[in-house]
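Let me begin by presenting the structure, written as structure tokens, before commenting on it.
We count ligands from 1, going down the list as the structure has it; atoms in each ligand are counted the same way. Quick caveat: nothing in here was measured; it's all calculated off a predicted structure.
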Amino acid sequence: MHRRQFLSTAPATGLAAATGLVAGTAPARAQEAPWAPPGAQVPAVQRFTVGDITVTAICDGSLVIGHDALIGIEKDAFDSLMTDAFQDPAAFPAAVNTFAIQSGDETIMIDAGTANAMGPSLGQMAANLAAAGIAPDSVTRLIATHLHPDHVAGALTGDGGAFFRNAELAVSETERAFWTDEANFTGAPEMMQTFAQLARNVLSAYGDRVAPFSGEAELGRGLTAMPLPGHTPGHSGIMLSSGDASLLIWADIVHVTPVQFARPDVAIGFDVDPEQAVATRRQILDRVTADRLMVAGSHIGFPGMAHVVADGEGYRMVPAGWQYTL
Ligand SMILES: [Zn+2]
């Protein structure tokens, strides 16, 4: 039976009445949606609440991370973890997520994605932010977890200005100092030089609106910075608390979910200090497991929200369910 036939024959007091459907009315609104083409994904935004705080996960896209990017795991072990997770070992798409936080009268972005700095599979933050109904000019603060391009290139417009024109840029002082100290990059690989240049461009675009914080800083509106060094020297998580509810936005604690929960000892080539990154990962995985604390990750599959449980020698991620009511 076709849908229309079903609707027109359904008893008025039955399903149609209960759902508010009227026999014979076409679903006109579906045709007006701007994201109709089946060959493209629909907007990727998803909303969660943490007490009185609203968190909107905003997808920027994904990038493929393969075995060659990781440190400390044999190819066979990598392939089998990927296969166990029903992922193609040669094409695992690591998510790039940003988060918009609405707390009190402030709209705060955690990271900004890549804009056009890292290819066409990324750079969707601006479109998804618009789909969430958040105007860039309404953003009061951009908190950068660190200054890598997949987190802050999207803070710039095409001509190098500030994408969030009215926002302060909050970033760890350790992070700011690291990327702006020439001495750290003399003789460094080209990739590091490029990263440093981008970090400096972002800092200079926000100019006197750069607001550095130190250590475990209170950032107001229920937000606290948590130093998670290793991936970069000033890499910081953001703890959100409201009433009894909390969420840790842990940024880049995990890049490749099928591998690094089971094997937290595996580092990534982008880690400035891989050994410290591993130690920090172990420490924070222990803590969120013990506290049953929900986490949000920059590179956990969209929308990036999950819990973590201990599993054998390592850990296992339990993705958060859809939040039906806010
Ligand atoms: Zn990252």
Side-chain angles (χ1 to χ4, degrees), residues 44 57-71 92-100 109-126 128 142-156 163 169-172 174-176 178-179 189 191-199 201-203 225-238 248-261 264 266-274 276-278 280-281 284-285 295-306 317:
I58 311 264
C59 179
D60 191 58
S62 67
L63 78 162
V64 170
I65 301 183
H67 173 258
D68 55 353
L70 299 184
I71 302 167
F92 173 70
V96 176
N97 303 315
T98 67
F99 301 95
M109 285 296 295
I110 309 294
D111 294 336
T114 61
N116 59 5
M118 295 176 69
S121 67
L122 286 154
Q124 297 154 25
M125 179 276 289
N128 282 321
L142 165 63
I143 302 177
T145 59
H146 60 301
L147 295 176
H148 270 163
D150 55 319
H151 297 259
V152 293
L156 298 176
F163 179 76
L169 169 60
V171 64
S172 141
T174 309
E175 187 74 1
R176 192 205 62 76
F178 173 73
W179 292 105
M191 186 188 77
M192 282 294 277
Q193 312 269 7
T194 313
F195 285 10
Q197 192 51 58
L198 189 270
N201 292 348
V202 171
L203 290 166
M226 181 190 288
L228 300 171
H231 180 54
T232 63
H235 179 253
S236 300
I238 308 296
L248 172 63
I249 299 181
W250 75 10
D252 283 26
I253 286 297
V254 166
H255 293 89
V256 182
T257 51
V259 173
Q260 289 171 301
F261 280 104
V266 176
I268 193 161
F270 302 110
D271 289 337
V272 172
D273 182 343
Q276 191 181 29
V278 167
T280 296
R281 177 161 44 256
I284 210 69
L285 282 166
V295 299
S298 305
H299 303 299
I300 293 177
F302 185 79
M305 309 274 190
M317 174 182 87

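In this structure, NE2 of His299 and OD2 of Asp150 enclose an angle of 90° at the Zn ion (ligand 1), rounded to 10°.
In this structure, Asn97 contributes its side chain and Cys59 its backbone to no donor-acceptor pair below 3.5 Å. In this structure a side-chain-to-backbone donor-acceptor pair under 3.5 Å is missing from Thr114 to Ala153. Glu175 contributes a side-chain N or O that, together with a main-chain N or O of Leu147, makes up a donor-acceptor pair within less than 3.5 Å.
The Zn ion (ligand 1) is closest to atom OD2 of Asp252 (considering only N, O or S atoms). No other N/O/S atom of His151 lies as close to the Zn ion (ligand 1) as NE2 does.
A donor and an acceptor atom, one from each side chain of Thr145 and Asp111, are located under 3.5 Å apart.
Because the distance cut-off is set at 2.8 Å, His146 fails to qualify as a neighbour of the Zn ion (ligand 1), as none of its N, O or S atoms comes that close.
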